[in-house]
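The figures here come from the full heavy-atom set of this structure, side chains too, leaving out hydrogens, waters and symmetry mates.
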Amino acid sequence: SSHFGSSRSIFQTRVIGFALRFPASMGAPAFANGGLQVRPMFLKAGPAASSPALPSSLGTPPPPGSRGAAAEAATASGSPLGVGSFLAAASATTVCLRARRRRNGKVGKMARGQAPCRTRCLAAPDTQRFREILKLTHLGGGAGDKALSVNLDDKFYGSFAEIGAGQEVSRTFLKAGAAAGTVARSISAYDMRMSDVSYGQAKRYVTSERVQQMLTTEFDEVEKCLREVRGPECRFFAFACTLAARAYKSNRECEGWIGVTYQAEAGQPRSTITLHVRMRDPTAQQQGEAIGVLGTNLIYLVHNTSDPYIITSYLLDGLEQNVDSNSGRLEIDSIDFSGPAFPEGSWDPRLMAMRMVQLRIANGVLLEPDAVSQKYRMAVPNNLLYKRPLVVERSRFTPVTCMHEEVMGACSRTLEQEADESTKRPLEILNMQIDDIIQPTESEGADQRLTTLKRVATSELKQDGMLDLAEMKHMFKDKLIEEEIDALFKGMGAGQLGSGEFGIRSLLGLDPQSVGSVSIDALFSLTQDGVLAEEFLDRFTMLEPLKYTVLLSSISQTHDLASYLQRYTNQKIVVAVGGGGFSIGRALFNPDSYKNGSAGGMLEGLGRLFSQGGTRVFTYPNITPEGQILPASIPDGDAQPLYEYLVRTGAIVPISSSYLSPEARNWKTNLQFRLGSTEVRELIAQGSAEWEMYMPPTVATIAKSQGWFGRLRNGETFTANVWQFLAGL
């Protein structure tokens, strides 16, 4: 054995040296039975497209138990079977033998084929969703541990197809041990022509359509080849990704598509999850490592649950903190669920978008109205914004007013008159800011959230998923004062307004029905009737009748918003300000607003906003209470010369009255444009009936049915500390 091990070590050393010098003329090598340890060297060392055209690991194994455990473990983990590594191989052998005994039903009372670590939770009931999270015992741990827990279930079996950023997902599973229990094959059709041979023709290769082609082909292949061998009780899956990672001699946008098609239950038709990801690491190797963690998380989660909110919440487990203090290594800006595991109504794209922004999975999520369903759905920025002129209006829209529509229309008309016939019509976007309700006191990673959840779950005395007021005060006395806990528990706003004027939904609180206890799921925003969810939906529902594209974000600085949009379009970008109290001074020339976002203060912020030349600010004129049209107010003091300079250079453009709507230009018809959100809220709080004339009629009707309206009418709201507490859970 010593002689064999020595030879193996020498051979492996030679292969490593060979891999770095592999000529393009030698064709497409096949690496089987653990050879994936060689393949990543091609994909990591440089421009892999010039070397292996179709490297694949055809690891379709014989029935579990018939393979050499030491060879399987060592080759999957990359450990050579040389003299100095025999003990490591023996240790790996022990792990695989234990896994085999588990699969053969020799551990406890477990039946043959039963997975020891598998805890399924299909569409968990809202009242018990937190318990399903706690069953995912590997959350907060490493990718290798998650991969091993999946590998130990030989009834979950599938294919890995990865193009771009290496093959780090399949590599993770092959290194974890017991990979024969999960990996049917691993393939990377790196060359475009070879990719077409495998998956069919494509106009573009880093697209949703391409990843769907890959998923369908891989799943069909596994089903066709292995169903008879693996039996009807085996759940098949296919994982695929097509990515544009950091190129050898390019500074392109690093983004791509990742997906998994799988059977949630044995014998069930396939379900699919696809997501669009943006990679922020500076090197291709680091990007590949991050994708390896993300892909492993995705497979681990779908192996154990089909709850879309749980899956989304923990996709970036282990990746939250890196690169810089403002963003993580990966950003997922769109996700979609389809198939029988996710029936109609099992997830709401609006709430999912809020959750993604809240948990810093994305800096922003685009939502667009679907012409068929009349509901909002997630949109991919790379597709929707590509080569489109943009007009963006920023606000919390509490509420949206006639002035918001008027400002948007005037800015679009001004931009359109500058364009030639070949330019697309500007896309109008409402940037809905929700930083006031989803901004935690500090960025909480998955492990911190899990720790808090476990502490709460172990403290509930009745073990019924509910907490009473005394338990809440005891557990969170270091986070909230007693009055804040009382308000959060009992709720804010009236169940019905005293006059019976409007039918208002129930109180905004954890115990709106006064049953004496609150759901842990609701406390942790795991249900659609949680406090954060209700407040957000109250606001978003008022925007829906207007059918604008909505950018949901916690981006607080205008220059950061411009940087976000400039990733996706090379056309003109207009930030609309003015009207309804949102003056140019408040929008750009308020030094205090730059304290937390720019080391160089206001000058740095303005420099970054206008540095690329593609972003400008259009200012809407003032409409006085008497209906007179006046020029937009300008900042005074030291900021005035800077403002005048930016106007002269065209960075700031005052809108001419000729681009206002006919109704707005005429003092006899512009009454509805004279007040903005702040003044309308004041009218509602005062009990005045005049507020309704300043809102679009369809919006006013919806506003009257919202709990938000009732709380505002009663002058009640949660403190900023309460919102920060909820957002951090």
Side-chain angles (χ1 to χ4, degrees), residues 15-60 158-171 174 183-222 225 238-261 274 276-277 279 283-285 287-289 291-292 295 382:
V15 170
I16 291 173
F18 170 75
L20 296 176
R21 299 191 300 273
F22 191 84
S25 61
M26 291 189 67
F31 304 100
N33 295 334
L36 195 70
Q37 300 309 307
V38 179
R39 178 166 66 248
M41 293 184 177
F42 292 97
L43 302 179
K44 285 182 174 182
S50 65
S51 290
L54 183 61
S56 62
S57 176
L58 304 177
T60 305
S159 172
F160 295 76
E162 301 172 71
I163 302 176
Q167 286 184 271
E168 298 304 311
V169 181
S170 53
R171 176 183 173 89
L174 289 165
V183 183
R185 76 170 177 181
S186 171
I187 187 170
S188 180
Y190 220 82
D191 184 89
M192 287 188 291
R193 285 164 294 186
M194 295 300 295
S195 180
D196 288 344
V197 169
S198 299
Y199 307 117
Q201 295 287 329
K203 294 181 180 179
R204 294 167 58 201
Y205 290 86
V206 184
T207 63
S208 173
E209 292 76 18
R210 191 51 162 185
V211 82
Q212 289 287 357
Q213 287 177 316
M214 296 168 68
L215 290 170
T216 300
T217 300
E218 293 296 322
F219 189 93
D220 289 346
E221 195 73 13
V222 173
C225 297
F239 172 85
C241 64
T242 173
L243 304 163
R246 182 70 63 193
Y248 184 59
K249 292 182 179 180
S250 173
N251 194 30
R252 66 188 178 191
E253 175 74 11
C254 299
E255 51 93 22
W257 288 88
I258 294 175
V260 63
T261 290
T274 55
H276 183 262
V277 62
M279 297 169 281
T283 69
Q285 180 176 353
Q287 290 175 355
E289 292 169 353
I291 292 296
N382 300 54

If every non-hydrogen atom of Q213 is compared with every non-hydrogen atom of A202, which pair is closest and at what distance? OE1-CB, 4.1 Å

Do R185 and E218 pass the side chain to side chain contact (heavy atoms under 4.5 Å, CB included) test, and can you show the C-alpha distance, the side-chain angles, and the key distance before you say yes or no? CA-CA 9 Å; R185 76 170 177 181; E218 293 296 322; 3.1 Å; yes

Flag side-chain contact, heavy atom, 4.5 Å: S159 against E221: no

Within the side chain of E162, is there an N or O that forms a donor-acceptor pair under 3.5 Å with the backbone of S170? yes

Please tell me if the side chains of Y199 and R210 come closer than 4.5 Å, counting only heavy atoms from C-beta onward. yes

Could you check whether R204 pairs with E209 (Lys NZ or Arg NE/NH1/NH2 to Asp/Glu carboxylate O, under 4.0 Å)? no

Contacts of Q212 that satisfy side-chain contact (heavy atoms from CB on, under 4.5 Å) - sequence neighbours left out: S208, L215, T272, T274

Of the non-hydrogen atoms in S198 and A189, which two are nearest, and what is the gap between them? OG-CB, 4.4 Å

Only residue of T261, I187, I163 satisfying side-chain contact (heavy atoms from CB on, under 4.5 Å) with M214 is I163

Which distance, rounded to the nearest 0.5 Å, do you find between the CD of E168 and the CD of Q287? 12.0 Å

Considering non-hydrogen atoms only, spot the tightest contact between L243 and W257 and give its length. CD2-N, 3.9 Å

